Amino acid sequence: IDGSIINSGSGDATGFGEIAAESFLGASVILNNASSGEHPSVTLRNTHTGADGPLVEFQKLATGADDDELGIIRFTGDNESDTAHTYSAIRATIADATVDEEAGKLELRVAEYDGTVTTGILIDGDTNANGEIDVTIAAGAASITTVAGTLTMGSTAAMTNAGLLSVGDQTGITGTGALNSGSITS
């Protein structure tokens, strides 16, 4: 261990044994390996037979406020000019910090055409209704959202995997059918 950098020429950290987390409080930790084809990795291993598995937890333990960032997982790599760039990220924030109304927000972000990292999927718990979560998919009206299989709304299929609108029997609507050139066929 050199400062807050863990170096391993073998590509793993097995030679380091246990590393006390307390020794890194307030510091960044970098796992670094040789420039060979191997990659650094972090493994959380659970060997007991209980139901609980390993846990990674990001904590921000100070008085919270709406829109406070709780943590980011960032995926960065070099572009073809060897310049480091963030290509995707997962970001968690506090959507509502009000006592007894706590709500979170999770964003899956990717670099778009010009390299700007933009939210493509937004999961928002700040809906002002218990048991409700809003999900926004895509960014901008020109974005394309592809659904493989059948799109279901509630418990009724709304769109088949062939792209046909599927409507169940309802008052004023009988049977299921397809809309072809302005006419409904069954």
Side-chain angles (χ1 to χ4, degrees), residues 1-8 11-13 16-33 35 38-46 50-148 151 153:
I1 299 176
D2 177 18
S4 62
I5 298 177
I6 300 172
N7 286 296
S8 171
D12 63 36
F16 297 114
E18 292 185 18
I19 301 170
E22 293 81 19
S23 60
F24 296 109
L25 292 178
S28 296
V29 177
I30 300 171
L31 294 178
N32 201 8
N33 75 319
S35 60
E38 296 179 28
H39 54 85
S41 64
V42 175
T43 302
L44 302 176
R45 183 171 292 137
N46 180 355
D52 295 336
L55 169 73
V56 175
E57 184 172 336
F58 294 75
Q59 293 186 348
K60 183 175 189 269
L61 300 177
T63 302
D66 294 1
D67 300 318
D68 276 3
E69 191 170 83
L70 298 173
I72 293 180
I73 299 173
R74 189 174 293 135
F75 302 88
T76 304
D78 285 353
N79 63 15
E80 62 186 21
S81 297
D82 292 328
T83 303
H85 186 77
T86 299
Y87 286 91
S88 56
I90 302 169
R91 180 177 184 246
T93 56
I94 295 174
D96 189 344
T98 306
V99 174
D100 295 329
E101 296 178 15
E102 294 88 348
K105 186 185 301 183
L106 184 69
E107 299 168 71
L108 301 180
R109 299 170 153 194
V110 295
E112 57 179 85
Y113 180 78
D114 66 356
T116 303
V117 180
T118 303
T119 300
I121 298 178
L122 172 68
I123 305 171
D124 189 354
D126 191 16
T127 61
N128 296 323
N130 193 30
E132 181 180 302
I133 296 173
D134 292 337
V135 178
T136 303
I137 301 174
S143 295
I144 297 172
T145 302
T146 303
V147 176
L151 175 63
M153 296 173 63

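Values in this document were obtained by computation on a predicted structure and should not be read as measured data. Side chains are part of it too, since the values below use all heavy atoms of this structure and drop only hydrogens, waters and symmetry mates.
Under a cut-off of 6.0 angstrom, the local environment of CD in Glu57 is crowded, with over 12 non-hydrogen atoms contributed by other residues, nucleotides or ligands.
Glu102 is not listed as a side-chain neighbour of Ile94, based on a closest heavy-atom distance of 4.5 Å or more.
Identified under the ring-ring contact (aromatic ring centres under 6.0 Å, His included) test for residues 87-116, with sequence neighbours left out: His85-Tyr87.
For the residue pair Gly115 and Ala111, the shortest heavy atom distance occurs at O-CB, 4.0 Å. Considering all non-hydrogen atoms of both residues, Thr76 and Ala84 come closest at CG2-CB, 4.2 Å. The minimum heavy-atom distance between Thr127 and Glu132, with the atom names listed, is OG1-O, 3.1 Å. Across every non-hydrogen atom of Thr116 and Asp114, the tightest pair is OG1-OD1, 2.8 Å. Nearest heavy-atom pair across Ala138 and Ser143 is CB-CB, 3.5 Å.
In this structure, CD1 in Ile73 is found 13.5 Å from CZ in Arg91, a value given to the nearest 0.5 Å. Within the model, atoms CD1 of Ile90 and CZ of Phe75 stand 4.5 Å from one another, a figure rounded to the nearest 0.5 Å. Atoms CD and CG, from Gln59 and Leu70 in turn, are 10.5 Å apart once rounded to the nearest 0.5 Å.
When Thr93, Ile123, Thr119 are each tested for a side chain to side chain contact (heavy atoms under 4.5 Å, CB included) with Lys105, only one passes: Thr93. Here the rule is side chain to side chain contact (heavy atoms under 4.5 Å, CB included) with Thr118, and of Glu107, Glu112, Arg109 only Glu112 fits it. A side chain to side chain contact (heavy atoms under 4.5 Å, CB included) with Asp126 holds for exactly one of Thr98, Asp66, Ile133, Asp96; it is Asp96.
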